[in-house]
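We name chains A, B, ... by the order of the sequence lines, and we start the count at 1 in each one.
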There are 2 protein chains.
Amino acid sequence: MENSVFDTENSRSQMRKGLLEYCTLLAIARGELYASDILNELKADNLIVVEGTLYPLLSRLKSDHLLEYTWKESKAGPPRKYYRLTKEGKDALEQLNQTWHELSLSINSLIKKYEKNN
Amino acid sequence: MENSVFDTENSRSQMRKGLLEYCTLLAIARGELYASDILNELKADNLIVVEGTLYPLLSRLKSDHLLEYTWKESKAGPPRKYYRLTKEGKDALEQLNQTWHELSLSINSLIKKYEKNN
DNA sequence: ACCCACTACCTTTTTATGCAAGGTACTAGG
DNA sequence: CCTAGTACCTTGCATAAAAAGGTAGTGGGT
């Protein structure tokens with residue numbers, strides 16, 4: 001018998017959703033990275049991602065011309081795709097920075113109103 | 001000929017997605033509201049666009065037992081459903097507050113790293 | 001009495017995207 | 001040449017926002 005407890009993990013996952021694209025661009029903006037680097041970077045900041053999420057995302061950003069890559073050989077394993085931002089990617093990132101800023105202002109404003117009534 | 005400009009609106013929409021549930025709970029936490037009230041509240045903060053998004057969300061939160069409602073007559077038009085948080089809804093909101101807090105810390109940390117390299 | 005505008009509720013279809021799981025291929029060491 | 005490790009990618013599923021369309025109560029004008 002499972003008590004009908006609200007599944008918070010799903011909500012957490014939904015919150016991360018959509019922010020991943022932004023975070024991925026942020027990570028790549030700092031220098032050339034390949035998929036595993038990005039994965040580690042985002043995991044280090046508690047933004048859980050799995051391979052199956054990241055690869056399609058990178059492909060999509062590539063076909064939107066926000067990213068480009070170059071193959072580089074590895075000392076241990078197959079060659080890697082190192083991604084970097086295009087000019088268009090940098091512009092998009094600036095816009096997403098702005099969006100994030102506005103969004104967090106809105107939410108923090110809602111939170112303040114909420115806290116007053118408690 | 002359309003220049004291949006990245007569709008930022010879609011990204012914005014994806015960012016809002018998942019945060020809407022949280023914001024809706026935040027809005028209702030401050031007192032009984034009906035759908036149009038909530039819509040106006042969230043629109044004022046650029047967090048939602050249309051009715052068709054809100055009604056299914058309210059139904060879902062209701063069936064998850066986070067919300068309950070009472071019918072109240074209106075002076076001009078059909079009766080309205082006034083929503084309020086259940087005990088379980090208040091608990092969930094506390095957890096989502098925590099999740100939001102952690103998430104914004106993570107992203108702001110990424111942003112700081114990004115800004116250093118610019 | 002009737003129509004129309006307004007308000008409010010809800011449903012159906014489409015689309016986007018994260019996640020789980022599974023698949024291919026290169027490299028190096030025994 | 002087999003195995004382990006690494007790296008790439010795809011397929012199928014579930015979730016949920018957005019777009020569009022539908023139903024119904026109220027009240028004012030004619």
Side-chain angles (χ1 to χ4, degrees), chain A residues 6-25 32-40 42-43 46-64 66-67 69-83 96 99 103, chain B residues 6-25 32-40 42-43 46-64 66-67 69-83 96 99 103:
Chain A
F6 178 65
D7 177 14
T8 314
E9 185 44 47
N10 183 48
S11 292
R12 294 176 67 95
S13 158
Q14 289 299 325
M15 279 196 187
R16 283 192 298 262
K17 202 168 171 168
L19 292 169
L20 269 184
E21 179 180 288
Y22 174 45
C23 294
T24 301
L25 291 176
E32 288 197 330
L33 297 177
Y34 77 107
S36 290
D37 287 337
I38 301 171
L39 222 44
N40 290 333
L42 297 180
K43 278 181 179 167
N46 296 310
L47 295 162
I48 303 160
V49 197
V50 291
E51 273 196 317
T53 298
L54 189 60
Y55 281 105
L57 175 58
L58 291 172
S59 299
R60 187 157 43 83
L61 294 174
K62 166 77 167 49
S63 65
D64 286 340
L66 305 191
L67 296 182
Y69 62 75
T70 36
W71 285 101
K72 291 193 183 173
E73 289 184 5
S74 159
K75 284 166 194 163
R80 303 164 175 174
K81 281 186 177 177
Y82 278 84
Y83 288 91
L96 294 181
T99 299
L103 197 59
Chain B
F6 179 64
D7 177 14
T8 314
E9 185 45 46
N10 182 49
S11 293
R12 293 178 65 93
S13 155
Q14 290 298 325
M15 278 195 187
R16 283 192 299 261
K17 205 167 171 167
L19 293 170
L20 268 184
E21 180 180 289
Y22 174 46
C23 294
T24 301
L25 291 175
E32 288 196 332
L33 297 177
Y34 77 107
S36 290
D37 288 336
I38 301 170
L39 213 49
N40 290 333
L42 297 179
K43 273 183 179 169
N46 295 310
L47 292 166
I48 201 175
V49 191
V50 288
E51 272 196 316
T53 299
L54 187 60
Y55 280 104
L57 174 58
L58 291 173
S59 300
R60 187 157 44 84
L61 294 174
K62 166 78 167 50
S63 67
D64 285 341
L66 305 191
L67 296 182
Y69 61 77
T70 36
W71 286 100
K72 290 193 185 174
E73 288 186 6
S74 159
K75 285 165 193 163
R80 301 164 175 173
K81 281 186 176 176
Y82 278 85
Y83 288 90
L96 293 181
T99 298
L103 195 59

K.L.:
Which is true for Ser36(A) with a 4.0 Å heavy-atom rule: it touches a base, it touches only sugar-phosphate, or it touches nothing?
P.N.:
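If one applies the 4.0 Å heavy-atom cut-off, Ser36(A) turns out to touch the sugar-phosphate alone, with no base involved.
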K.L.:
Using the six-membered ring wherever Trp is involved, compare the ring planes of Tyr82(B) and Tyr34(B) and label them parallel, tilted or perpendicular (cut-offs 30° and 60°).
P.N.:
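Because their plane-to-plane angle lies in the 30° to 60° range, the rings of Tyr82(B) and Tyr34(B) count as tilted.
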K.L.:
Using 0.5 Å steps for rounding, measure from the CD atom of Gln14(B) to the CG atom of Leu19(B).
P.N.:
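One gets 11.5 Å once the value is rounded to the nearest 0.5 Å.
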K.L.:
Grab the CG-C1' distance between Asp64(A) and dA16(C) for me, whole Å please.
P.N.:
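Result: 12 Å.
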K.L.:
Mind calculating the distance between CD1 (Ile38(A)) and P (dA7(D)) to the nearest angstrom?
P.N.:
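Atom-to-atom, Ile38(A) to dA7(D), this comes out as 12 Å.
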K.L.:
What's the separation between atom CG in Leu67(B) and atom CG in Leu25(B), rounded to the nearest 0.5 Å?
P.N.:
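Going from CG on Leu67(B) over to CG on Leu25(B), the span is 6.0 Å.
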K.L.:
Starting the side chain at C-beta, find the nucleotide from dC9(C), dA18(D), dG18(C) nearest to Val50(B).
P.N.:
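Looking only at side-chain atoms, Val50(B) lies closest to dA18(D).
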K.L.:
Does Thr53(B) have a side-chain nitrogen or oxygen under 4.0 Å from the phosphate oxygens OP1 or OP2 of dA18(D)?
P.N.:
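Indeed, a polar side-chain atom of Thr53(B) lies that close.
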K.L.:
Pick from Trp71(B), Tyr69(B), Tyr55(B): which one makes a ring-ring contact (aromatic ring centres under 6.0 Å, His included) with Tyr83(B)?
P.N.:
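For Tyr83(B), the ring-ring contact (aromatic ring centres under 6.0 Å, His included) test succeeds with only one of Trp71(B), Tyr69(B), Tyr55(B), which is Tyr69(B).
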K.L.:
Does Asn10(A) place a side-chain N or O at less than 4.0 Å from the phosphate oxygens OP1/OP2 of dA16(D)?
P.N.:
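Indeed, a polar side-chain atom of Asn10(A) lies that close.
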K.L.:
From the set dA20(C), dA7(D), dA16(D), return the single nucleotide nearest to any side-chain atom of Tyr34(A).
P.N.:
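Side chain of Tyr34(A) sits closest to dA7(D).
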K.L.:
Taking CZ from Arg12(A) and C1' from dA16(D), how many angstroms apart are they, rounded to a whole number?
P.N.:
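After rounding, the gap between these two atoms is 19 Å.
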K.L.:
Which one of Leu61(B), Leu66(B), Asp64(B) satisfies the side chain to side chain contact (heavy atoms under 4.5 Å, CB included) criterion with Glu21(B)?
P.N.:
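The passing option is Leu61(B).
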K.L.:
Rounded to whole angstroms, how far apart are OH on Tyr83(B) and C1' on dC9(C)?
P.N.:
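That distance rounds to 9 Å.
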K.L.:
Let me spell it out: for each of Gly52(A) and Lys17(A), pick the nucleotide of DNA chain D with the closest heavy atom. Which residue's pick is nearer the 5' end?
P.N.:
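Upstream on the strand: Gly52(A).
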K.L.:
When you measure from the side chain of Pro78(A), which nucleotide among dC26(C), dC10(C), dC9(D) comes out closest?
P.N.:
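Among dC26(C), dC10(C), dC9(D), the one nearest the side chain of Pro78(A) is dC26(C).
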K.L.:
Can you tell me the distance, in whole Å, between the CG atom of Asp37(A) and the P atom of dA7(D)?
P.N.:
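Checked: the CG to P distance equals 8 Å.
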K.L.:
Is any side-chain N or O of Tyr55(A) closer than 4.0 Å to OP1 or OP2 of dC8(D)?
P.N.:
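For dC8(D), OP1/OP2 do have a side-chain N/O of Tyr55(A) under 4.0 Å.
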K.L.:
In whole angstrom, what separates Met15(A)'s CE from dG18(C)'s P?
P.N.:
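In whole Å, dG18(C) P and Met15(A) CE are 16 Å from each other.
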K.L.:
Between Glu9(B) and Arg16(B), is there a salt bridge with N-O shorter than 4.0 Å?
P.N.:
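Yes, charged N to carboxylate O under 4.0 Å.
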K.L.:
Look at the side chain of Leu57(B) and decide which nucleotide, out of dA17(D), dA18(D), dT6(D), has an atom nearest to it.
P.N.:
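Among dA17(D), dA18(D), dT6(D), the one nearest the side chain of Leu57(B) is dA17(D).
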K.L.:
Think Ser59(B) has a side-chain N or O under 4.0 angstrom from the OP1 or OP2 of dC10(C)?
P.N.:
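Looking at the OP1 and OP2 atoms of dC10(C), neither is under 4.0 Å from any side-chain N or O of Ser59(B).
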K.L.:
Is Arg80(A) near enough to dT27(C) that one of its side-chain N or O atoms lies under 4.0 angstrom from OP1 or OP2?
P.N.:
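It does not, given that no N or O in the side chain of Arg80(A) lies less than 4.0 Å from OP1 or OP2 of dT27(C).
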K.L.:
OP1 or OP2 of dA16(D) versus the side-chain N and O atoms of Arg16(B): is any pair under 4.0 Å?
P.N.:
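For dA16(D), neither OP1 nor OP2 has a side-chain N or O of Arg16(B) closer than 4.0 Å.
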K.L.:
Can you tell me the distance, in whole Å, between the NZ atom of Lys75(A) and the C1' atom of dA7(D)?
P.N.:
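After rounding, the gap between these two atoms is 17 Å.
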K.L.:
With nearest nucleotide decided by heavy atoms, which residue, Pro56(B) or Leu20(A), maps closer to the 5′ end of DNA chain C?
P.N.:
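By nearest-heavy-atom nucleotide position, the 5'-most residue is Pro56(B).
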K.L.:
When the distance from NZ of Lys72(A) to P of dC8(D) is rounded to whole Å, what number comes out?
P.N.:
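Atom NZ in Lys72(A) sits about 13 Å away from atom P in dC8(D).
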K.L.:
Looking for any heavy atom pair under 4.0 Å, which part of the strands does Gln14(B) touch: base, sugar-phosphate only, or nothing?
P.N.:
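Result for Gln14(B) = sugar-phosphate.
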K.L.:
What nucleotide, of dA18(D), dA16(D), dT10(D), holds the atom closest to the side chain of Ser13(B)?
P.N.:
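Minimum distance to the Ser13(B) side chain belongs to dA18(D).
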